[in-house]
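First the structure, in the form of structure tokens, and then the observations on it.
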Amino acid sequence: MGKNGAMAKSAMLLTVVNAVSIVFSFVMEAVFAAFYGTTAEADAYTVAVSLPVTIFAVVTTAIQTIIIPIYSKHKFGESIESADRFISNFITVIAAFTGIIIILFEIFANEVVFAFSPGLNKSTHALAVELTRIIVPTILFSQIITVNTGVMNVNKSFALPALTSNIQNVVFIISVIVLHSKFGIFAAIYGNFAGIFLSLLYSIAIRRKYYKYKFKFSLKDPSLISAGKMMGPVFLGIGAAEINKLIDRMIASFLSTGSIASLNYASKLTSAISTLLISGVSTVIYPQMARQAARDDKEGMSETLNLAISFFILILFPLIIGGYVLRNEIISIVFMRGAFDEKSVSSIAPLFVCYMVCLFFTALRQASSRLFYSLEDSKTPMYNSLIGIGINIVLNIILAKFLGALGLALATTISTAVIAFLILKTAKKRLDGLNYKKSFVLSVKSGISSVLMLLILSLIKIPLSKIGFFSSGFKGTLIYTLLMVLIGAAVYLASLVVLKTNEMKLLLNMIRGRKKK
């Protein structure tokens, strides 16, 4: 099997694992809601577990972003021994600094909880502080899991490290169900702690195949200094998305009632789709690019980036069209229960479509940003992200005035599209052999096929929906949606075949494990 075939299979397997993780995540939320509802205990727990996640989410992502290119540089540019020494030193230093932060958290838990949730009453605040002190040490577990995942990704292991979140979710679910009657909300916090700790042990066990930790501590290690220099720009680059979300919520708070909730629902739905279809590909191509960068294989990097772009075009174009046609049905299946009525569906539908379009540009930006991170250039993605923040703020102010919440979603989409094209343009300058001509031709063919799919689905949608079996109820809506998806997929694929789309044949061959002849 060629390297592209291996990448495609890894991405598909990772997508399946991510899908399972999403299911377990929803089950975990449902179990927690069933046992704790919207009580003060639930508020205290939510505050406690959100604090380390909120504060360290960007740090965790930055660590993995940094570790992959530097570890690859050592392993493929120098030696395995050199790579192992770097990782051992990195883990020790990260553990030391994280340990200091954990101690500070334990000492000042009362003040930290108040700073993030000043509105809690006295008893809820006290409970949140107690729960926070229990869960804070898991910050260290998560950091080491992240480093282990980066090491395994470089060694082409993707599915096994991705299972760590499933371990955490399953342990949490069991803990709440079995221990709730005896320990109350503490059953949830114990389950969370135990789940992350067992995930760490699992992560260490599967990592040992590629690397065994040996104590080393040196702040003067040149590679550690390089990692430190990358850290700041990576923080800003990765944190830009969170900054944009914060700005969106701030402006949405001045709009009509329900605007913040509507944006949140639409964003959560598209984020799940992003996890399934974008994250898997981005996770697989990043170590591949890092290996190619370590070997100064710029032609290989160009090929990898073009392959990722081709995948995103082939998959996301029809997905966007399908999301537009079935927007109300998809939102109804996922959210329409209780107070979430048809009016809520109608208010979220245009936001969902807008964010679906944004997914394509997000995918392009993620793939091209990883090219620069592979070259240990974290400043270009950072500058790109800062430009995006500026564009988003300006468009938010202008468009929200006329379009409300839809204006905010549209501003996010436009700013993401602009910065995606800017970074792709910069990538072309960085890699002389990079050419987007084939991607443009593929876009035209995929666009034609997607429009044909849109026409066919639009023609059959109303007559099909009037059939009694599909006309009402969750089950009818679900079966109707699945049927429309199958019809749309058949039309799209048939059109690509008629248009002699070589990229589709290549991807199908890769899935079967054969090289193109």
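If you read the sequence from its start, that first residue is 1, and numbering goes on from there.
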Residues in side chain to side chain donor-acceptor pair (under 3.5 Å) contact with [X], at least two apart in sequence or another chain:
X	result
S218	none
T380	D377
S157	none
T98	none

- Item | Pairs flagged by side-chain hydrogen bond (donor to acceptor under 3.5 Å, both in side chains) wherever residues 418-427 is involved - sequence neighbours left out | none
Excluding sequence neighbours, so at least two apart, what forms side-chain contact (heavy atoms from CB on, under 4.5 Å) with [X]?
X	result
V441	K445
A308	V281, I285, F312, A367
L375	A293, M301, L371, R430
L131	A44, Y45, A48, L127, I185, F186, I189

- Query: Who are the ring pair (Phe, Tyr, Trp, His ring centres under 6.0 Å) partners of F317, not counting sequence neighbours?
  - Reply: F360
- Message: Listing request: all ring-ring contact (aromatic ring centres under 6.0 Å, His included) pairs with a residue in residues 137-166, at least two apart in sequence or in separate chains.
- Response: F141-F193, F141-F197
- Message: For residues 56-73, which residue pairs pass the salt bridge (charged side-chain N to carboxylate O under 4.0 Å, His left out) check, not counting sequence neighbours?
- Response: K73-E376
- Find the distance between CD (E299) and OG1 (T304) and round it off to the nearest 0.5 Å. 10.5 Å
